[in-house]
Amino acid sequence: MNPLQMIDGLPDYGRIKAADVLPALTAELARCRSQITKLLDQPEASFTNLVQPFETLQHRLARVFAPVAHLNSVTNSTELREAYNACLPLLAEYQAEVGQNLQLYKAYEKIQATEAEQLSDDQRKVLSFALRDFRLAGVHLNDHDKARYTQLMQELSTLQARFEENVLDATRAWSYHVTDSHELLGLPDHLIERARSAAVERQLDGWVFLLDYPNYQGVLTHADSQALRRAYYTAWSTRASDQSPESSQYDNSNIMSDILNKRLQLALLLGFKNYAELSLATKMAPSTQHVLKFLEELARNYLPGAKKEFDELQQYAGSPLNAWDVAYYSEKLSSERFQVSEERLRPWFPLPKVLGGLFEVARRLYGLRISEEPGISTWNSDVRYYSVKTALNTDVGGFYADFYSRENKRGGAWMGEITNRIQLSTHQALPIANLVCNFTPPAPNMPALLRHSDVVTLFHEFGHTLHHLMTQVDYPSLAGINGVPWDAVELPSQLMEEWAWQPSVLPLLSGHVETGDPLPTEELDNLLRSRTFQSGLAAVRQLEFALFDFKLHAEFDPGAIGEVARVLSEVRALVSVIPAPKFNRFAHSFSHIFAGGYAAGYYSYKWAEVLAADAFSAFEQSDIFDQPTAQKFLNEILSRGGSCDQMQAFIAFRGREPDIGSLLRKDGFAA
Ligand SMILES: [Zn+2]
């Protein structure tokens, strides 16, 4: 049997082949369609005989495709990419067809009108959530417009995948060959070793540097050679653009305009003024003006501090700084001031020790027991699988952890779902997640050694993982992170980061790789003091991304030329502190908004940061492992998924609406 169609338990990754993908999806889509027809043929539709089975069939479909999407991200090959791409239009077609199924919509409406009184809160929310999505899918459109909607969705899905492929291919197309060892000065040994191995693989002398994120970040921060830093900065910030001679065949310029234009057409079709408005229809933030005011207010609060930080850095360097010098001198200034160097602290953070500490935090907060399960079939021998149980030994779910950077693996870190929780008479499953990072792989016979920022990333993704796993919602459309607005979904993850910064937690996370000693008190104090270093510069950078994304989707004019550049320069004039060189084309690889779900939603990071800082202040007021506070967070937010109104849930936990003061204080900016 096709391994992708075996949906009970964990996927058998060892057996999945690219050739299985299309047959599995085609069969499952056919099954869904025939089931829907049967459901709608019933004489009297009810929550039990229609909504529940529909939840089940959507759950099954997601489960069949989840391993495919996941493998495409972590083991991208030509065959798999082709198979995956062949599925995208089929899925988009099915989703549009379901979303625009007038008979199904009418049945849901009728169930809401006749049964609402007898249903539970969660069941009512399942209905209202589905009805909202039907309307957003254009169920009310005439046949001509419905066809147009379907076409736009398919085109967008293809364009967004192309955008991402171009970024990946452009990244792969670039490498930097070093033959003079002087060019390596300042670089950490592990980067030099990787570059040496890459050269050996290619049968070249010297060192070959590839353009993955650890390399880029390592070079910009540590290379004494300004030429090397500039080369890396240029390559990274011109990926998939007209400015990149190595990768001009991957130029995303036209794809970006096409994506923006089609998003606008879609919004207009559904009766919105622009795509930003459509994006907010499913978010916690109430209006486009509200979001812009929120971002501008934060910018006003951070900008003077950020300018001061940059002036101070230039003074320290003794000359005006280029974009490719900033990370380098910042690292020097910070290590001088705090005696902290991210690289120097690595030996204190071996991955196994960090994981032990992380799991201990999860035990103290929520009573969880997390243990590695041997012998699980995975996609790479470095991948681990962990089961999660409650203090009473009840199964909660599990997650795969794929920690290291590899060729053919998408950059960044993320949590993804393999299956969501479902507890209905027709089908039961516990949630399974993927926790993916891109840490520098370990040297032979050593554990991987993390930077503290990697530890924070791990806590962040683990926060998402908990959100997915700890859900108590029985209906998959609202369980875990499903149905949670984008601007609230980063609350549990950013909140979790806070524990990676606590003086009482760091000794649990650190143990020197040779001696086992925890991070010495002095190092710990310096690390904590360094947290707010350049927090203003970091904030305005995020605000620049957020404002660029939001204004672009609120203002895009398909008749004008150079809209992306226009919006970018307007936003930079407003919030940018570090001058960007003319050739910089960061937008061309800004996958979050062009290929991913953050379109007109990048502001969500800041929005959720405000929520998270304010939520953590509740723990700080008592004790960071305070049980009543942890239980309240679990009951009101973490376990509720999309089944509640997010603002009401926050108020139930915190006793009031979120306040930006907690975040400003955390960043060292008095409110
Ligand atoms: Zn996140």
Side-chain angles (χ1 to χ4, degrees), residues 66 69-70 73-74 164 213 217 279 282-285 295 354 358 361-362 365 399-403 405 409-418 420 431-439 450-471 479-501 538-539 541-543 545-546 549-550 590-616 633 637-642 646 649-650 658 663 666-667:
H70 177 62
S73 295
V74 294
E164 179 74 29
Y213 186 74
Q217 204 265 345
S279 158
T282 53
K283 295 204 169 58
M284 185 175 169
L295 293 172
V354 174
L358 172 65
V361 169
L365 282 172
F399 63 96
Y400 295 88
D402 183 348
F403 292 118
S405 186
K409 176 175 167 182
R410 177 151 71 89
W414 69 93
M415 187 284 291
E417 306 173 6
I418 282 301
N420 206 344
I432 307 292
N434 293 306
L435 194 167
V436 185
C437 301
N438 266 283
F439 299 146
L450 307 191
R451 296 169 303 161
H452 183 258
S453 55
D454 295 330
V455 176
V456 175
T457 299
L458 179 62
F459 271 66
H460 178 102
E461 299 310 333
F462 187 73
H464 284 308
T465 307
L466 286 183
H467 201 185
H468 179 61
L469 296 182
M470 302 286 283
T471 193
I481 62 169
N482 279 6
V484 179
W486 274 109
D487 47 358
V489 84
E490 297 292 332
L491 164 58
S493 52
Q494 300 198 16
L495 176 67
M496 199 67 210
E497 290 180 21
E498 293 299 324
W499 277 270
W501 285 103
R541 186 179 141 86
Q542 284 300 309
L543 289 167
F545 294 164
D549 162 51
F550 206 76
F590 196 5
S591 298
H592 270 80
I593 71 161
F594 287 108
Y598 280 90
Y602 198 86
Y603 77 89
S604 303
Y605 280 110
K606 273 288 159 219
W607 184 273
E609 244 183 274
V610 166
L611 300 181
D614 208 25
F616 188 67
F633 185 73
I637 294 175
L638 202 55
S639 66
R640 300 287 302 280
Q646 303 298 317
F650 188 90
L663 179 62
K666 189 191 100 177
D667 282 344

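Counting starts at 1 for both ligands and their atoms, in listed order.
With hydrogens and angles left out, the side-chain atoms of His464 and His460 include a donor and acceptor closer than 3.5 Å. Side-chain atoms of Tyr603 and Asp549 form no donor-acceptor pair, as typed in the model, at a separation below 3.5 Å. Side-chain atoms of Gln542 and Tyr602 include a donor-acceptor pair closer than 3.5 Å.
The distance from the Zn ion (ligand 1) to the nearest N/O/S atom of Glu461 is not under 2.8 Å.
Looking only at its N/O/S atoms, His464 has NE2 as the one nearest to the Zn ion (ligand 1). Closest N/O/S atom of Glu490 to the Zn ion (ligand 1): OE1.
Taking the six-membered ring where the residue is Trp, His452 and Trp501 present perpendicular rings, their angle passing 60° and hence far from 30°.
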